[in-house]
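Data block below; observations after.
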Number of protein chains: 2
Amino acid sequence: MGTTTWEDPTVEATVATLEEAVRAGDTITVFAECEVEYDGRATGYLGPGERVILLKPDGTLLVHRPAGNDPVNWQPPGSTVTADVADGDPVITARRSAPDELVRVFLRDTYQLTTFAADDTAPLELDGTETDMHEYILEHPAAVDDGLRAIEHERDTPYGTIDVYGTDDAGRPVVIEVKRRQASLTHVDQLNRYMEQFRASNPDARGILVAPAASSRVRRSLRENDLEFVALDEFATNRGEVASTTFEDFQ
Amino acid sequence: MGTTTWEDPTVEATVATLEEAVRAGDTITVFAECEVEYDGRATGYLGPGERVILLKPDGTLLVHRPAGNDPVNWQPPGSTVTADVADGDPVITARRSAPDELVRVFLRDTYQLTTFAADDTAPLELDGTETDMHEYILEHPAAVDDGLRAIEHERDTPYGTIDVYGTDDAGRPVVIEVKRRQASLTHVDQLNRYMEQFRASNPDARGILVAPAASSRVRRSLRENDLEFVALDEFATNRGEVASTTFEDFQ
DNA sequence: ACCTCCATTTCGGGA
DNA sequence: TCCCGAAGTGGAGGT
């Protein structure tokens with residue numbers, strides 16, 4: 001459970017410690033000035049700079065600069081991590097296949113190295129996802145359309161999966177695409193794609209985009225494609241009270 | 001440039017060191033058993049487990065478990081990070097607005113804490129991006145279509161930006177959507193959206209999806225929408241030699 | 001392995 | 001600021 005720390009390790013100590021820690025399944029951080037080479041789906045080179053390198057027992061490699069949410073270079077889980085010496089410096093190599101990718105971190109100056117036999121099995125509990133909105137709509141179809149009967153969840157079609165499928169009070173098929181955040185043009189595209197085949201057999205089929213908000217461009221695009229928009233706040237799904245929805249119909 | 005490390009710091013030392021390091025603009029790692037609460041666009045709770053916490057001078061907070069490429073909890077750049085004591089334990093708080101979000105990390109057992117005044121200004125050089133393909137096509141339009149004249153790059157329309165716009169040897173408008181990887185249905189959607197208005201004024205307008213490959217479903221969807229596919233390997237953009245492209249026309 | 005789609009997506013560019 | 005689209009997207013779930 002504890003950590004072991006090496007300050008200013010020698011080249012040999014760095015390589016030996018990394019190899020041993022990888023073999024032991026430790027989580028490792030390295031503080032170092034380094035260069036990074038990447039070759040795979042794209043190709044990259046990162047010149048010398050001071051960074052934090054994070055290695056995980058599942059084969060993940062992350063190189064973090066002092067700014068930014070995302071690592072500047074990385075290798076996802078499943079890659080094989082090795083350490084050796086090249087030109088007198090320690091080098092961390094992370095390889096994976098499918099896609100074939102290679103990341104090499106050249107440690108020019110290693111300030112500190114820590115190994116950590118971390119134990120973490122707690123699941124992340126997350127609410128307010130799109131799935132939560134689906135469930136809300138299935139339980140409260142009137143929040144989307146007054147006469148709506150929600151029939152099917154995650155309905156498969158040759159061109160993708162429809163979030164919610166149902167019928168309205170006039171018996172027309174209703175295809176609903178749900179988004180947990182501001183609707184965008186790509187969401188209109190998605191709904192349009194699903195509608196193509198439904199309207200081929202039933203011109204009266206309705207398509208509704210449900211989202212907390214939509215830009216005017218999105219609304220115009222919906223209108224032009226005879227689709228509807230219903231504003232449903234994502235957080236309505238988390239509250240006990242009935243959602244106060246705004247209904248907007250572009251028929 | 002160097003790092004400073006504290007092993008098994010007391011609650012007071014942890015909070016004081018974190019506050020001082022944040023003020024100083026250091027990059028910080030904490031190895032600890034912790035719990036995490038998140039409230040913002042969604043809501044989350046992560047039970048006790050051993051993790052690595054990474055804090056950056058730009059306000060980034062990352063909580064990494066011993067598995068996975070992505071952090072289990074995070075706060076992107078721009079958030080305000082503070083440290084204090086609650087119920088006898090150190091708590092790291094990261095707040096931001098737009099969107100309003102709050103992450104709190106409750107340190108139940110702090111094994112190690114490191115501060116690092118990292119200096120890193122090297123730019124990442126990356127090749128093989130979609131932009132590189134755009135440039136290749138603009139310089140070698142014949143790789144896409146024999147009589148193609150590429151006229152405009154990143155052409156703005158009311159429904160999005162067209163990658164490459166041009167005319168063919170018959171003077172027909174050609175809309176080109178470029179993808180650096182296997183084409184998908186969403187890419188067909190995108191091209192369809194751009195084509196709607198062009199075909200409204202010119203029914204002969206052509207739409208071409210350029211990508212290294214496309215599944216049979218994507219090809220069928222293109223056919224059904226009178227669109228074309230041209231297989232252009234992404235790496236053709238990185239090579240000095242002329243690309244050997246496969247031309248496929250679904251007219 | 002491929003395909004589709006969500007994500008607390010993040011990030012960058014343009015209006 | 002909003003909006004749009006790329007990303008070495010990653011990750012999950014289905015076939």
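Side-chain atoms are counted along with the backbone in the values below, which use heavy atoms only and exclude waters and symmetry mates. The sequence lines fix the lettering, A, B, ..., with proteins before strands; numbering per chain opens at 1.
The residues A/D145 and A/R206 are annotated as salt-bridged, a charged nitrogen and a carboxylate oxygen being separated by less than 4.0 angstrom. Salt-bridge annotation for B/E33 and B/R108: absent, with no side-chain N of the basic residue lying under 4.0 Å from a carboxylate O of the acidic one. Look at B/R96 and B/E101 and you find a salt bridge, because one of the NZ, NE, NH1 or NH2 atoms lies within 4.0 Å of a carboxylate O, short of that distance.
Contacts of A/Y194 with the nucleic acid, taken as non-hydrogen atoms under 4.0 Å apart, involve only primed sugar atoms and P, OP1 or OP2. As judged by a 4.0 angstrom heavy-atom cut-off over every strand, B/D39 is placed among residues making no nucleic acid contact. Backbone-only contact: B/P76 has heavy atoms under 4.0 Å from sugar-phosphate atoms and none from a base. Among the atoms of the strands shown, base atoms are found under 4.0 Å from some heavy atom of A/E101. Residue contacts shown for B/R193 are limited to sugar-phosphate atoms, with no base heavy atom under 4.0 Å away. Nucleic acid contact for A/T131: none, since no nucleic acid atom lies under 4.0 Å from a heavy atom of the residue. The residue B/P99 sits apart from the nucleic acid: no heavy atom pair falls under 4.0 Å. The residue A/G68 sits close only to the backbone: its heavy atoms come under 4.0 Å of sugar-phosphate atoms, none of a base.
Distances shown here put a side-chain N or O of B/Q182 below 4.0 Å from the OP1 or OP2 atom of C/dC3. Phosphate contact (OP1/OP2 of D/dC4, side-chain N/O of A/S215, threshold under 4.0 Å): present. Not one side-chain nitrogen or oxygen of A/Q75 sits closer than 4.0 Å to the OP1 or OP2 atom of D/dG8. Residue B/R180 has a polar side-chain atom (N or O) positioned under 4.0 Å from OP1 or OP2 of D/dT9. Between B/R41 and C/dT9 there is a side-chain N or O to OP1 or OP2 distance below 4.0 Å. Close to D/dA7, at under 4.0 Å from its OP1 or OP2, lies no side-chain N or O of B/K179.
Of the listed nucleotides (D/dG5, C/dT8, C/dC6), C/dT8 has the atom at the smallest distance from the side chain of A/L124. Nearest to the side-chain atoms of A/N69 among the listed nucleotides C/dC5, C/dT10, D/dG8 stands C/dT10.
Here the rule is side-chain contact (heavy atoms from CB on, under 4.5 Å) with B/S184, and of B/H187, B/Q182, B/R181 only B/H187 fits it.
The gap from the C1' atom of C/dC6 to that of D/dA7 amounts to 15 Å, rounded to the nearest Å. Remark: the separation of the P atoms in D/dG5 and C/dT8 is 22 Å, to the nearest Å.
Whole-Å rounding puts the A/R217 CZ to C/dG14 P distance at 15 Å. The distance from atom CH2 of B/W74 to atom P of D/dG11 is 11 Å, rounded to the nearest whole Å. If you take CE of B/M133 and P of D/dG5, they are 18 Å apart, rounded to a whole angstrom. Distance B/L62 CG to C/dT9 P: 16 Å, rounded to the nearest Å. Per the geometry, NE2 belonging to B/H187 stands 12 Å off C1' belonging to C/dC5, to the nearest Å. The interatomic distance linking B/R181 (CZ) with C/dC3 (P) rounds to 11 Å, in whole Å. Protein atom CG of A/L46 is 13 Å distant from nucleotide atom P of D/dG8, rounded to whole Å. With rounding to whole Å, A/E177 atom CD is found 15 Å from C/dT4 atom P.
B/D58 places a side-chain N or O within 3.5 Å of a backbone atom of B/T60 that can act as its donor or acceptor partner.
Side-chain to base pairing of A/D70 with D/dT9: no donor and acceptor N or O lie closer than 3.5 Å to each other. Contact of B/E154 with D/dG5 (side chain to base): no donor-acceptor pair of N or O atoms is detected under 3.5 Å.
Side-chain N/O atoms of B/Y38 and B/Q75 include no donor and acceptor closer than 3.5 Å.
Of the two residues contacting DNA chain D, namely A/V103 and B/G160, the nearest-nucleotide position lying further toward the 5' end is that of B/G160.
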